[in-house]
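Proteins get letters first, then strands, A, B, ... in listed order; numbering begins at 1 in each.
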Amino acid sequence: MIAALNLTFLVFAVIVACAALNVKDLLSAIVLLSAFSFFMCLLWTEMGAVDVAFTEAAVGAGVSTAFFVAAIYNTTRRTKD
Amino acid sequence: MIEWMVTKHSYWFYIILIMTGFYGMMAKNNLMKKLIGMNIFQWAIILYYISIGSKKGGTIPIIDAQAAVRHAVRAADYINPLPHVLMLTAIVVGVATTGIALTLLVIIYRKYGTLEEDEIIEALKK
Amino acid sequence: MNKFLALFVTLVAGALLAYGAEGLPPWGDPQQPASIHVSPRYIEKTVDETGVPNAVTSVLADYRGYDTMFETSVIFTAGVAVMMLLRGMNHGKRS
Amino acid sequence: MVRDLDDIIIRTCARIMVPFMQVYGLYVFVHGHSSPGGGFQGGCIMAASFILLATAFNIKEAKMRFTEKVNGIFCCLGVFIYAGTGAVAVIFSGNFLDYSRWTNILPTNPVMARYYGMALIELGVQITVMAVMVSIFLDLVTGGSHEEVMKTDD
């Protein structure tokens, strides 16, 4: 539990979350959401929750992104906001 | 005041993340963006639960074998494993329910040809 | 929905959360209520009672087995729901 | 998915990587008792190997390796293993999910019986998670038809 590392990862997570909500392309938004998920994984490793971080790296950043990309492939990339 | 800011600065970031996800769920027009906001909201809450379990001076909850043989396991040396277990199940269930939400989005796109909320409402009024 | 109304609701919710965060224990406090109720027993007895050094696995699969069992059935239900929604729609369109 | 884009580099890399990913998934499951890991993580890594197979080759190739019938059976088999492990303890006059009653059929002491009971539980979780994740991905990417769909625009 290192406070400086924790603060850095939290700031990056907030920036990436805001970027994922504001980018004008859905595929980019999903890639940014994957990056957000990976920062969450780093945060949990830093807090000592290794099992949860492992699950997040396998499920959140891996399989979840594959689901989103599959849904985008069947719908559209276009968004207005 | 300064000490209060230092000891609780993490909670402020959790609140900012929750607000980001909440705003995305309410204000965005695209349904996929709403789903992304919901995911951010969910992960912020999981992050708060995990941070409850952390202890200053504690290590990861895998018990040292030598200490266990000597019956000298002290609970203060290890991080609380209970929130980890609850959130481990929450993450996997969250991904499964995200799969159902994406399925519903695919069905909506097949029926209306768009994912924008206002265009769907226009199509529903006809 | 109006963006300013959404922003207002978000800010009010954030202010309420910040007001609630004032009553939380300091971050990483070893004596906070969540860390002194049942988890010391799990940590101290896990090797003696189950032989598993990883406390997360022993709590997940043994002490709280009901939780994980119904969680597994939730995943199974989600898979069946996706199957029914997508394939059922397709079938209706074809006939 | 990529029928017109026949890239030999991606296919060769995927063919080399898939067995190692599956072995790693089993390693994570087996070492879940003494190191980070367990059923959820191992199941997701094994599901990721099949998803890689489906994206690098095509849907038909992945379904030849892991057929739809086997997938459906595995979805139910994991939950069945979990509930059956608990129910066997009831037969030996214990509580539901009380693995120490397994000493009636395993030649061990109650502590190690709980150890092996947990391994069985994790096996059930791993099988269910793997099968359901692959099933959801294949349903989503083909739109439910489970055939190759080629999109031309957008």
Given a strict heavy-atom distance threshold of 4.5 Å, which part of B:I100 is in contact with chain C: side chain, backbone, both, or neither?
-> both
Quick one: which residues of residues 92-99 of chain B reach chain C at under 4.5 angstrom, heavy atoms only?
-> B:V92, B:V93, B:A96, B:G99
Using non-hydrogen atoms only, which part of C:V52 is less than 4.5 Å away from chain B: side chain, backbone, both, or neither?
-> neither
Would you check, one step at a time, whether the test side chain to side chain contact (heavy atoms under 4.5 Å, CB included) holds for B:V73 with C:V47?
-> CA-CA 9 Å; B:V73 178; C:V47 177; 5.8 Å; no
Nearest 0.5 Å, what's the NZ-OH distance between C:K3 and B:Y23?
-> 5.5 Å
Output yes when a side-chain donor or acceptor of B:K55 lies under 3.5 Å from a complementary backbone atom of C:Q31, and no otherwise.
-> no
Which atom names give the shortest non-hydrogen contact between C:A21 and B:Y11, and what distance separates them?
-> CB-CB, 4.2 Å
If you count heavy-atom pairs under 4.5 Å with chain B, which of C:L7, C:V74, C:L11, C:L24 comes out on top?
-> C:L24
From C:D29 atom CG to B:K56 atom NZ, the distance as rounded to the nearest 0.5 Å | 7.5 Å
Residue part contacting chain B, namely of C:I36, when any heavy atom lies under 4.5 Å | neither
Counting heavy-atom pairs under 4.5 angstrom with chain C, the leader among B:G53, B:A76, B:S54 is B:S54
State, to 0.1 Å, how close B:I52 and C:A34 come at their nearest heavy-atom pair, and which atoms those are.
-> CG2-CB, 3.5 Å
Would you give the length of the straight line joining atom CD1 of B:I107 to atom CG of C:L85, rounded to the nearest 0.5 angstrom?
-> 4.5 Å
Using a cut-off of under 4.5 Å for heavy-atom pairs, which of C:K45, C:E44, C:R41 has the most such pairs with chain B?
-> C:E44
Measuring from C:I43:CD1 to B:N80:CG, what's the distance to the nearest 0.5 Å?
-> 6.0 Å
What part of C:A81 gets closer than 4.5 Å to chain B, counting heavy atoms only: side chain, backbone, both or neither?
-> side chain
Could you check which of C:P30, C:P53, C:S39 has the highest count of heavy-atom pairs closer than 4.5 Å to chain B?
-> C:P53
Could you tell me the separation between the CG atom of C:L86 and the OG1 atom of B:T103, rounded to the nearest 0.5 Å?
-> 5.0 Å
Those residues of residues 56-69 of chain C, ordered by number, that approach chain B below 4.5 Å (heavy atom to heavy atom) | C:V56, C:V59, C:L60, C:R64, C:D67
What option among B:I79, B:I62, B:D118 has the most heavy-atom pairs under 4.5 Å with chain C?
-> B:I62
B:Y49 versus chain C, heavy atoms under 4.5 Å apart: side chain, backbone, both or neither?
-> neither
Part of B:L104 lying under 4.5 Å from any heavy atom of chain C = side chain
Most chain B-contacting option - heavy-atom pairs closer than 4.5 Å, from C:S35, C:P40, C:A13 | C:S35
Would you mind checking which part of B:L88 comes under 4.5 Å of any heavy atom in chain C, side chain (CB onward), backbone (N, CA, C, O), both or neither?
-> side chain
Closest non-hydrogen contact found for B:S51 with C:W27 is CB-NE1, 3.4 Å
